[in-house]
Number of protein chains: 2
Amino acid sequence: MPRPRSLTQGQIAAAALTVIDRDGLAALSMRTVAAELGMSTMALYRYVGDRGELEGLVVELVLDGVDTSVPPGASWQERITVLAGRVRDRVGAHPEAVPLTMTHRHRSAGLLRWSEAVLEVLTEAGVQGPERVLALRALLSYLIGAIQLEHLGPLSGEGTAAIAALPRAEFPRMAETAGHALLLGADEEFHGGLAIVLRGIAART
Amino acid sequence: MPRPRSLTQGQIAAAALTVIDRDGLAALSMRTVAAELGMSTMALYRYVGDRGELEGLVVELVLDGVDTSVPPGASWQERITVLAGRVRDRVGAHPEAVPLTMTHRHRSAGLLRWSEAVLEVLTEAGVQGPERVLALRALLSYLIGAIQLEHLGPLSGEGTAAIAALPRAEFPRMAETAGHALLLGADEEFHGGLAIVLRGIAART
DNA sequence: AATCGTAAGCGTATGCCGTACGCCTACGAG
DNA sequence: CTCGTAGGCGTACGGCATACGCTTACGATT
């Protein structure tokens, strides 16, 4: 009976993400989002309780877009690799939002569905009980850490160059390692690390 | 010749960490830190360029306290486990500072020394070249991700309980897995996941 | 067609925040 | 004893999240 809502939470999240992608995470504020929507600042509070909730909506928008259907693939390793890659790609499409995505990740139903899919594949692979819990948590930990290393490192590739220039006397192996790292692309690094985790799961005691 | 400094950066970092530990991360501000030191707000700017630099100092204080000497141990796996545990313990001692620690981790010389130590052990274990880069990055990714999962999850143990209460129809395996997870302590989870990564490194192709 | 309760939308104001800028002052070298 | 230097501080500004109360658009009811 009363005046109908003119916006959905999804539209608000989309506006916020537009601001973040265009002007950076620091530019995100209730004011900038309201301006993006052509509304007054306080009108936003009819849709979200506070700024944190708005951030949560942005993360939902990002993570719920992940395809969580179990992909075809010869091996369970390949299937998990595809699942992990989908999250990485989706998050990587909004690099400015990465810190938000990490902080509010637990608000996303998409990530729950993703975990469910991974568990399904692990079960297929014969991983059971507490072992399966550990495998899931290890995969999730690696995924979160690797995404952050990729996007919040000391400015990506520039950082490895800085490390390569470290005092050899104090950091002999770091310098050498950074030299090798320069030859590795971000994709190789991500998938190489993931392969290590998958081998560790396969080689269960 | 001029007036000597009355504070060190270390003292400022300590004051900031005190505020964080006592009143939470949200309470951290130039004003609260200055008050903690008994100085005026603006006096702080003689020591740090801006708030970001202050946060960096806090992280240095936390991470540079990690013992990065290569520990004794029967196997390289055990040595790396000890090294990783030291970081986890040190970070875990200041849970309110965890988000800061993750964001500014690259400012810490301590983490560089830690990486150097890990590389030393890996080299001893016969891991070489690009393979060693991948192993280090995988360990670091896991470490970062696991620490965050532990401290920024949906309120730790409470979260797993919430997951266990999920609609069984939609998340059959998550519900079951969360049941198993309740039996696992944080330590078992961390070390179990780390063991997976270490097995993956050991089982190199 | 007229009415009216309800919730949408907005304006104003408060109290934080980081920090630019300029003044005053304690210090130690000469 | 003097004086240049740098430490320390007071004030002020613009931007932030948000509490609160007014105004207005709507559609169900009469």
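Proximity of a side-chain donor or acceptor of Gln148(B) to a complementary backbone N or O of Gly145(B) within less than 3.5 Å is not detected. At distances below 3.5 Å, not a single donor-acceptor pair connects side-chain atoms of Glu189(B) with backbone N or O atoms of Gly185(B). Under a 3.5 Å cut-off, the side chain of Glu116(B) and the backbone N or O of Met174(A) do form a donor-acceptor pair.
Under the rule for a side chain to side chain donor-acceptor pair (under 3.5 Å), Arg173(A) has no partner lying at least two apart in sequence or in another chain. Here Asp187(B) pairs with Arg88(B) under the side chain to side chain donor-acceptor pair (under 3.5 Å) rule; sequence neighbours left out. With sequence neighbours excluded, no residue satisfies side chain to side chain donor-acceptor pair (under 3.5 Å) with Asp50(A). Considering only residues two or more places apart in sequence or on other chains, Arg3(A) meets the side chain to side chain contact (heavy atoms under 4.5 Å, CB included) condition with none of them. Under the side chain to side chain contact (heavy atoms under 4.5 Å, CB included) criterion, Ala181(A) pairs with Thr160(A), Val133(B), not counting sequence neighbours. Listed by chain and residue number, nothing satisfies the side chain to side chain donor-acceptor pair (under 3.5 Å) test with Arg90(A) (two or more places apart in sequence, or in another chain).
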Report task. Show your working on salt bridge (charged side-chain N to carboxylate O under 4.0 Å, His left out) between Glu55(B) and Arg107(B) and close with a plain yes or no. Result -> CA-CA 10 Å; Glu55(B) 295 179 351; Arg107(B) 295 212 205 189; over 6 Å; no
When the side chains of residues 5-22 of chain B are checked against the rest of the protein, which donor-acceptor pairs come out under 3.5 Å, sequence neighbours left out?
residue, atom, partner, partner atom, Å
Arg5(B), NH2, Arg46(B), O, 2.4
Thr8(B), OG1, Gly10(B), N, 3.4
Thr8(B), OG1, Gln11(B), N, 3.1
Thr8(B), OG1, Gln11(B), OE1, 3.4
Gln9(B), NE2, Tyr47(B), O, 2.9
Gln11(B), OE1, Thr8(B), N, 2.8
Thr18(B), OG1, Ala14(B), O, 2.8
Asp21(B), OD1, His94(B), ND1, 3.2
Asp21(B), OD2, His94(B), ND1, 2.8
Arg22(B), NH2, Glu36(B), OE1, 2.5
Arg22(B), NH2, Glu36(B), OE2, 3.2

With a 3.5 Å cut-off and sequence neighbours excluded, list the donor-acceptor pairs that the side chains of residues 60-73 of chain B form with protein atoms.
residue, atom, partner, partner atom, Å
Asp64(B), OD1, Ser108(B), OG, 3.0
Asp64(B), OD1, Gly110(B), N, 2.9
Asp67(B), OD1, Ser69(B), N, 2.9
Asp67(B), OD1, Ser69(B), OG, 2.7
Asp67(B), OD2, Ser69(B), OG, 3.4
Thr68(B), OG1, Arg113(B), NE, 3.3

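Contact check, Tyr47(A) against dG9(C): a side-chain N or O comes under 4.0 Å of OP1 or OP2.
Contacts between residues 50-60 of chain B and DNA chain C, defined by a heavy-atom separation under 4.0 Å, are made by Asp50(B), Arg51(B). At a non-hydrogen distance threshold of 4.0 Å, Ser29(A), Met30(A), Arg31(A) from residues 28-35 of chain A come into contact with DNA chain D.
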Check nucleotides 20-30 of chain C against the protein and report each pair of N or O atoms closer than 3.5 Å, with its distance, or say if there are none.
residue, atom, partner, partner atom, Å
dG28(C), O4', Met1(B), O, 2.7

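Contacts between chain B and DNA chain D, taken as any atom within less than 4.0 angstrom of a protein heavy atom, begin and end at dG4(D) to dT11(D).
Two residues are said to be in side-chain contact when any heavy atoms from C-beta on lie closer than 4.5 Å; Val91(B) and Arg86(B) fail this criterion.
The distance between atom CZ of Arg5(A) and atom C1' of dT6(C), rounded to the nearest whole Å, is 13 Å.
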